[in-house]
Number of protein chains: 2
Amino acid sequence: MSVQSIERALDVLESLAEHGGAAGLSEIAAKTGLPYGTIHRLLRTLLARGYVRQESDRRYALGAGLMRLGGVAEGMVGAWARPYLARMVELSGETANLAVMEGDFVVYVAQVPSPRRLRMFAEVGRRVLPHSTAVGKVLLADRAADDAVTLLERTGMPRRTPNTITEAGAMLAELGRVRALGYAMDLGEEELGVHCLAVPVSDGERVVAAMSVSGPAERIDAVDREELAEGMRGIARAFGAELAPVSGER
Amino acid sequence: MSVQSIERALDVLESLAEHGGAAGLSEIAAKTGLPYGTIHRLLRTLLARGYVRQESDRRYALGAGLMRLGGVAEGMVGAWARPYLARMVELSGETANLAVMEGDFVVYVAQVPSPRRLRMFAEVGRRVLPHSTAVGKVLLADRAADDAVTLLERTGMPRRTPNTITEAGAMLAELGRVRALGYAMDLGEEELGVHCLAVPVSDGERVVAAMSVSGPAERIDAVDREELAEGMRGIARAFGAELAPVSGER
DNA sequence: CCCCTTTTTCCGCTGTGTGGAAATTAGCTT
DNA sequence: AAGCTAATTTCCACACAGCGGAAAAAGGGG
């Protein structure tokens with residue numbers, strides 16, 4: 001069982017983030033559906049600890065404390081993966097992501113944006129269902145078929161776009177293809193017009209993460225998939241090798 | 001009044017951060033002094049929302065959700081200030097910081113590190129008392145004398161190093177000097193061997209922030225203060241001008 | 001295989017968090 | 001200026017959510 005007030009505090013912080021980092025109390029109330037008194041009390045607590053700031057017009061904004069926590073969290077995985085992601089950006093010209101499985105969700109844990117003007121928006125920290133993304137397919141493909149089916153039954157396979165695969169049978173076939181090819185595609189299955197190519201990251205015995213590049217459909221479709229996938233696999237392999245060793249410190 | 005469970009959840013997150021981003025339950029218990037059952041329940045809530053992750057060895061680590069919130073928070077002020085801070089780094093060769101007053105504390109909200117090998121460690125998000133830092137003096141100097149004295153009485157003026165100014169009278173004289181010169185120095189008053197020079201950022205009517213450069217005493221002392229301060233004031237003025245306009249959107 | 005350590009679950013009591021509604025403040029409009 | 005509206009902030013009695021001690025379970029060495 002979860003702690004209600006913490007969940008609500010997180011709702012408040014997330015709604016602030018969705019409003020671009022700052023919002024009035026009533027905007028938060030509209031978004032979260034919580035009563036005013038409650039939100040105000042939560043905000044005061046966060047305020048006292050520096051995780052939220054109040055601007056001169058009384059609006060609330062995400063505070064500097066979050067920068068610190070975020071920085072440490074990012075330092076953990078992100079900085080580790082960043083050089084490899086940067087090489088993928090160099091290779092493909094597109095935004096590169098690192099994602100891991102967390103429960104039934106795929107979570108993006110690091111990103112290096114493409115230098116191009118038209119590029120993917122930051123989605124670090126976002127949680128998505130695996131069936132509609134390239135990284136999700138790669139991560140699912142490593143599981144036993146019945147395990148994957150169980151998960152898909154639990155989550156359902158909601159249709160995100162007309163291209164989304166919504167049938168378990170079709171998904172199993174797709175996962176087989178992913179295993180055979182060694183990479184997965186997302187052809188506008190999560191968001192129309194956005195295509196991705198993902199490859200697995202293995203620490204030697206298991207697939208622990210997936211790395212992908214994503215960008216506008218036209219640009220992604222223009223490249224030779226096999227060739228791009230081969231380049232990405234090389235980078236993912238190097239990253240995986242760094243994860244593998246005897247765990248290092250402590 | 002604050003919400004207990006949120007405060008405690010923040011304690012837990014902070015203790016994780018202090019442990020370098022990951023720790024076992026008992027390490028957290030030792031640091032926070034909270035009972036095991038309580039910590040575990042808090043962690044489960046944070047876990048369910050992706051703000052904490054559990055590694056295979058059952059240790060807990062800061063999660064990707066924080067990267068997202070931190071990113072948005074940083075995006076707000078930091079990205080805004082970053083180009084200006086970068087110019088200060090270029091000008092001085094030292095790490096540049098942006099700090100604001102929050103309650104009785106000075107909080108560092110953005111930083112651009114020096115390219116040099118020997119440089120200040122990231123302290124974004126850190127809260128310090130104003131009396132022992134250059135940015136703090138700049139921010140205090142904008143206040144009425146009795147206002148500043150009240151604040152200093154509230155916080156006390158703890159001695160951080162042998163150089164710390166710990167007497168209200170001496171501090172008032174120092175603040176007068178800061179107003180007259182248009183910049184403040186910190187000569188190892190917060191940390192021995194670290195010197196800083198800070199200038200105010202004004203949005204046209206009030207000092208809303210302070211920008212500083214800091215580095216090893218030898219390097220900071222080697223430059224012409226007046227000249228460096230003049231250059232920094234120019235940059236701070238430009239930044240302040242960007243903050244001033246009719247607030248922009250909405 | 002057994003013992004020791006660390007993590008996880010459980011459950012009855014109490015003190016903490018809740019939220020409706022009133023008071024206050026800020027920002028407009030006349 | 002004064003009055004109005006829309007927002008934020010404070011208050012309080014009740015109820016139940018969260019607390020934490022202690023027992024159970026899971027690891028992990030030896």
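Predicted model, so just to flag it, every value in this text is computed and none were measured. Convention: sequence-line order gives letters A, B, ...; per-chain numbering from 1.
Contact between the side-chain N/O atoms of B:Arg8 and the OP1/OP2 oxygens of C:dG17 is not found at any separation under 4.0 Å. Taking 4.0 angstrom as the limit, A:Ser5 places none of its side-chain polar atoms (N or O) nearer than this to OP1 or OP2 of C:dG17. Close to C:dT18, at under 4.0 Å from its OP1 or OP2, lies a side-chain N or O of A:Gln4.
The distance from atom OG of A:Ser202 to atom CG of A:Asp142, rounded to the nearest 0.5 Å, is 7.5 Å.
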Tabulate protein N/O versus nucleotide N/O from nucleotides 8-10 of chain D, keeping only pairs under 3.5 Å, one per line.
unit_1	atom_1	unit_2	atom_2	d
D:dT8	OP1	A:Leu25	N	2.7
D:dT8	OP2	A:Ser26	N	2.9
D:dT8	OP2	A:Ser26	OG	3.1
D:dT8	O3'	A:Arg58	NH1	2.9
D:dT9	OP1	A:Gln54	NE2	2.9
D:dT9	OP2	A:Tyr60	OH	2.5
D:dT9	O5'	A:His40	NE2	3.3

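Here the P atom of nucleotide D:dG20 and the CG atom of B:Leu34 are 7 Å apart, to the nearest Å.
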- Task: Could you check A:Lys137 against A:Leu175 for side-chain contact (heavy atoms from CB on, under 4.5 Å), going step by step and ending with a plain yes or no?
- Result: CA-CA 6 Å; A:Lys137 289 177 191 171; A:Leu175 294 181; 4.2 Å; yes
Checklist line | side-chain contact (heavy atoms from CB on, under 4.5 Å) between B:Leu43 and B:Tyr51, worked out | finding: CA-CA 9 Å; B:Leu43 281 171; B:Tyr51 289 92; over 6 Å; no
**Item:** Working for side chain to side chain donor-acceptor pair (under 3.5 Å), residues A:Ser5 and B:Ser5
**Value:** CA-CA 7 Å; A:Ser5 49; B:Ser5 50; 2.4 Å; yes
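Scanning both residues, A:Met211 and A:Met232, for their nearest heavy atoms gives O-CE, 3.8 Å.
The bend of the helix from C:dC1-D:dG30 to C:dT30-D:dA1, defined by the angle between the axes of its first five and last five pairs, stands at 50° to the nearest 10°.
Not a single side-chain hydrogen bond (donor to acceptor under 3.5 Å, both in side chains) links B:Tyr183 to another residue, sequence neighbours left out.
Between A:Phe239 and A:Tyr84, the two ring planes are tilted [angle within 30° to 60°].
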